[in-house]
Amino acid sequence: MADIFAWLISFFILIALIVLVIYQLMCLADLEFDYINPYDSSSRINKVVLPEYIILGVLCGFYLVTGHWIMSLFCAPYLYYNVRLYRQGKHLVDVTEIFNLLSKEKKQRLVKLFYLVFILFLSLFWMIYTSLEDHDD
């Protein structure tokens, strides 16, 4: 039963990560369609970048602590990418370069979104599998 709660916690953490990435995509789309100015868009995106990175690190650590090694390995490339961006200082959106990098930033967040959806489906699969396995006992 504890394993099902672990999968539920990871499900809600993944939903929070997906919401953060979609929020960043919406800010970029608003900027592209000229609904928002570059300063507001970059400040809104920059406010949620570090929480996204921290939540992903917590999720990866949570998978390690609960013994879900495979899921932790699936989170590792995304975590490595985020750490690499942070160490290079490229994790924040620059207000002066946002228009030049708009398509790159959108593609980056779309890849993150699809990767998170993939991990979410894996998590749902394991949650259903665990609940059926517990139900048979």
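If you read the sequence from its start, that first residue is 1, and numbering goes on from there. In this text the structure is predicted, and so the values were computed from the model without any measurement. FYI, side chains are in, hydrogens and waters are out, and symmetry mates aren't considered; it's all heavy atoms of this structure.
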Cluster membership besides Leu101, Ile/Leu/Val/Met/Phe/Trp/Tyr side chains within less than 4.5 angstrom, sorted by chain and number, is none
Any chance you could measure Ser42, atom OG, to Lys47, atom NZ, to the nearest 0.5 Å? 10.5 Å
Would you name the heavy atoms of Leu25 and Lys106 that are closest together and state the gap between them? CD2-O, 3.7 Å
Heavy-atom check, side chain of Ile98 versus side chain of Glu105, under 4.5 Å: no
Sequence neighbours left out, what pairs pass side-chain hydrogen bond (donor to acceptor under 3.5 Å, both in side chains) with at least one residue falling in residues 12-28? Gln24-Glu52, Gln24-Arg109
Using a 6.0 Å cut-off, check whether atom CZ of Phe125 has over 12 heavy atoms from anything other than its own residue. yes
List for me each residue that meets ring-ring contact (aromatic ring centres under 6.0 Å, His included) alongside Phe74, sequence neighbours excluded, and say none if there are none. Phe118
More than 12 foreign heavy atoms under 6.0 Å from CH2 of Trp126: is that the case here? no
What are the two closest heavy atoms between Asn37 and Asp40, and how far apart are they? OD1-N, 2.7 Å
To the nearest 0.5 angstrom, please state how far the CG atom of Leu92 sits from the OG atom of Ser43. 11.5 Å
Could you tell me if the side chain of Met26 sits less than 4.5 Å from the side chain of Tyr35, heavy atoms only? no
Nearest 0.5 angstrom please: Leu79 CG to Arg84 CZ, how far? 12.5 Å
Aromatic plane relationship, Tyr63 with His68 - under 30° parallel, 30 to 60° tilted, over 60° perpendicular: perpendicular
Flag the pair Leu17 / Lys112 as yes when at least one side-chain heavy-atom distance between them is below 4.5 Å, and no otherwise. no
Once you measure the plane-to-plane angle for Tyr53 and Tyr86, does it fall in the parallel (<30°), tilted (30-60°) or perpendicular (>60°) bin? perpendicular
Would a single hydrophobic cluster contain both Tyr80 and Leu113, if residues Ile, Leu, Val, Met, Phe, Trp and Tyr are joined by side-chain heavy-atom contacts under 4.5 Å? no
Separation between CD1 of Ile13 and CD1 of Ile119, rounded to the nearest 0.5 Å: 12.0 Å
Check whether any side-chain heavy atom of Arg44 lies under 4.5 Å from a side-chain heavy atom of Ile36, and answer yes or no. yes
Shortest non-hydrogen contact from Val21 toward Tyr78: CG2-OH, 4.1 Å
Side-chain heavy atoms nearer than 4.5 Å, only ILVMFWY residues, links allowed to pass through others: does that put Ile55 and Tyr81 together? no
So, for Pro51 and Leu20, which heavy atoms are closest and what is the spacing to 0.1 Å? C-CD1, 4.3 Å
Check the hydrophobic clustering (I, L, V, M, F, W, Y; side-chain heavy atoms under 4.5 Å; chains of links allowed) and say if Leu14 and Ile9 are grouped together. yes
Shortest non-hydrogen contact between Thr130 and Ile4, atoms and distance: CG2-CG1, 3.9 Å
Hey, are the side chains of His91 and Asn82 touching, using non-hydrogen atoms and a 4.5 Å cut-off? no
Rounding to 0.5 Å, atoms CG (Leu120) and CD1 (Ile15) come to a distance of 5.0 Å
Give the cluster check for Leu50 versus Leu85: same hydrophobic cluster or not, with ILVMFWY residues linked at side-chain heavy-atom distances below 4.5 Å. yes
So Pro77 and Tyr115, do their side chains get closer than 4.5 Å, heavy atoms only? yes
Determine, stepwise, if the pair Leu59 / Met71 fulfils side-chain contact (heavy atoms from CB on, under 4.5 Å). CA-CA 10 Å; Leu59 179 66; Met71 290 302 290; over 6 Å; no
Can you check whether Pro38's main-chain N or O pairs, donor with acceptor, with Ser41's side chain at less than 3.5 Å? no
Linking I/L/V/M/F/W/Y whenever any side-chain heavy atoms sit under 4.5 Å apart, do Phe12 and Val58 land together? no
Over all heavy atoms of both residues, which pair between Val93 and Asn46 is shortest? Give the atoms and the distance, please. N-OD1, 2.7 Å
